[in-house]
Amino acid sequence: MPESAPSLCTILDPHAWFDPQRLHPEVESLIYWRNAARSGAALGAGLALLVALACCSVVSVLAYVSLLALSAAVAFRLYKNVLQAVQKTNDGHPFKWLLEAEVSVSAERAQALAAAATAHLNAALYELRRLFLVEDLVDSLKFGVLLWCLTYVGACFNGITLIILGWIALFTLPKAYEMNKAQVDANLELARAKINEITAKVRAAVPLGRRAEGDKDK
């Protein structure tokens, strides 16, 4: 049986979301602003790309970005060739280090990524089946409330706007939590306690919200 999706209280646990040790060092350095110049450049470049996607079609954005990159590469190559001709040097191709860099994906890496994706997909399918078929009434009701809230989110924001907000949050929330960890943990602990209290009362009042012990063992 695949692992179930995290509960609401787990989602409210900031350690499940903002744990630098679980991230690749390069990613951790970017989103936690270890190097302000690199993080600012990544945030700005991402925002520019997302805003362009919001205004133009994906094909147009990809074409313009690719054309800009190609133009810059050609201009730099011509500049280096002229510079070498004037200085009578032979430094070779200016992008030699990039041309010799390894860009292929190994079979082992591809298999590992596929296995991880399959595990997450199976866990998501199992959890959705459990929620939609009301295996646990309380969990399904909480899922229904979440879907109801998402209808309002969808009415206010479109997909690309949510992605833009998510991109901004990626570069702001982790650092904000790191700087205000004690206060955030205290407030979220109160929220978790309240949710657990309400859930316990609902389960006690609605027996259908609990599975029999025999079913759990199976």
Side-chain angles (χ1 to χ4, degrees), residues 1-24 27-28 30-31 46 49-50 53-54 57-58 105 107-174 176-177 184-185 187-218:
M1 179 182 296
E3 297 181 359
S4 60
S7 64
L8 181 58
C9 289
T10 303
I11 293 175
L12 289 176
D13 183 6
H15 300 288
W17 295 90
F18 307 128
D19 186 1
Q21 297 180 351
R22 299 173 58 184
L23 300 173
H24 189 279
V27 176
E28 186 268 343
L30 280 178
I31 66 176
L49 178 62
L50 291 172
L53 288 173
S57 67
V58 175
V105 179
E108 293 77 10
R109 179 61 175 168
Q111 291 176 356
L113 291 174
T118 302
H120 287 295
L121 178 61
N122 289 337
L125 291 175
Y126 174 78
E127 186 67 12
L128 288 174
R129 182 187 67 177
R130 189 181 73 84
L131 292 171
F132 278 107
L133 298 182
V134 199
E135 183 180 38
D136 187 297
L137 180 60
V138 175
D139 286 346
S140 294
L141 290 176
K142 289 190 291 186
F143 182 57
V145 172
L146 175 62
L147 294 178
W148 179 71
C149 294
L150 288 178
T151 61
Y152 287 93
V153 174
C156 298
F157 306 101
N158 57 23
I160 192 65
T161 303
L162 291 176
I163 294 175
I164 292 174
L165 293 176
W167 182 254
I168 295 174
L170 180 65
F171 282 86
T172 54
L173 294 184
Y177 172 71
V184 174
D185 285 348
N187 291 329
L188 289 180
E189 185 60 36
L190 293 175
R192 282 198 298 268
K194 193 65 177 178
I195 291 174
N196 288 334
E197 178 185 351
I198 294 174
T199 301
K201 290 180 179 180
V202 172
R203 290 184 186 278
V206 185
L208 291 177
R210 296 172 294 179
R211 289 181 296 172
E213 292 296 329
D215 294 339
K216 290 184 179 180
D217 295 336
K218 292 180 182 179

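Throughout, residue positions are numbered sequentially from 1 according to the sequence presented. Predicted model, so just to flag it, every value in this text is computed and none were measured.
Under the side-chain contact (heavy atoms from CB on, under 4.5 Å) criterion, Leu190 pairs with no residue at all, not counting sequence neighbours. Applying the side chain to side chain donor-acceptor pair (under 3.5 Å) criterion to Ser57, with sequence neighbours excluded, gives Ser60. Checked against side-chain contact (heavy atoms from CB on, under 4.5 Å), Glu197 has the following partners two or more places apart in sequence or in another chain: Lys194, Lys201. Legend: residues meeting side-chain contact (heavy atoms from CB on, under 4.5 Å) with Tyr152, ordered by chain and number and at least two apart, are Trp148. Residues meeting the side-chain contact (heavy atoms from CB on, under 4.5 Å) test with Leu125, sequence neighbours left out: Leu121.
Contact of the Leu128 side chain with the Phe143 side chain is registered, since non-hydrogen atoms from C-beta on lie closer than 4.5 Å.
None of Val134, Leu141, Asp136 except one satisfies the side-chain contact (heavy atoms from CB on, under 4.5 Å) rule with Val138; the exception is Asp136.
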N/O donor to acceptor pairs below 3.5 angstrom from side-chain atoms of residues 153-167, sequence neighbours left out:
residue : atom : partner : partner atom : Å
Asn158  : OD1  : Thr161  : N            : 2.9
Asn158  : OD1  : Thr161  : OG1          : 2.5
Trp167  : NE1  : Leu43   : O            : 3.3

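Between Pro174 and Ala169, the shortest heavy-atom contact is CD-O, 3.4 Å. Heavy atoms only, all atoms of each residue included: Ser140 and Leu131 are closest at OG-O, 2.7 Å.
Distance CG/Leu137 to NZ/Lys142: 11.0 Å, rounded to 0.5 Å.
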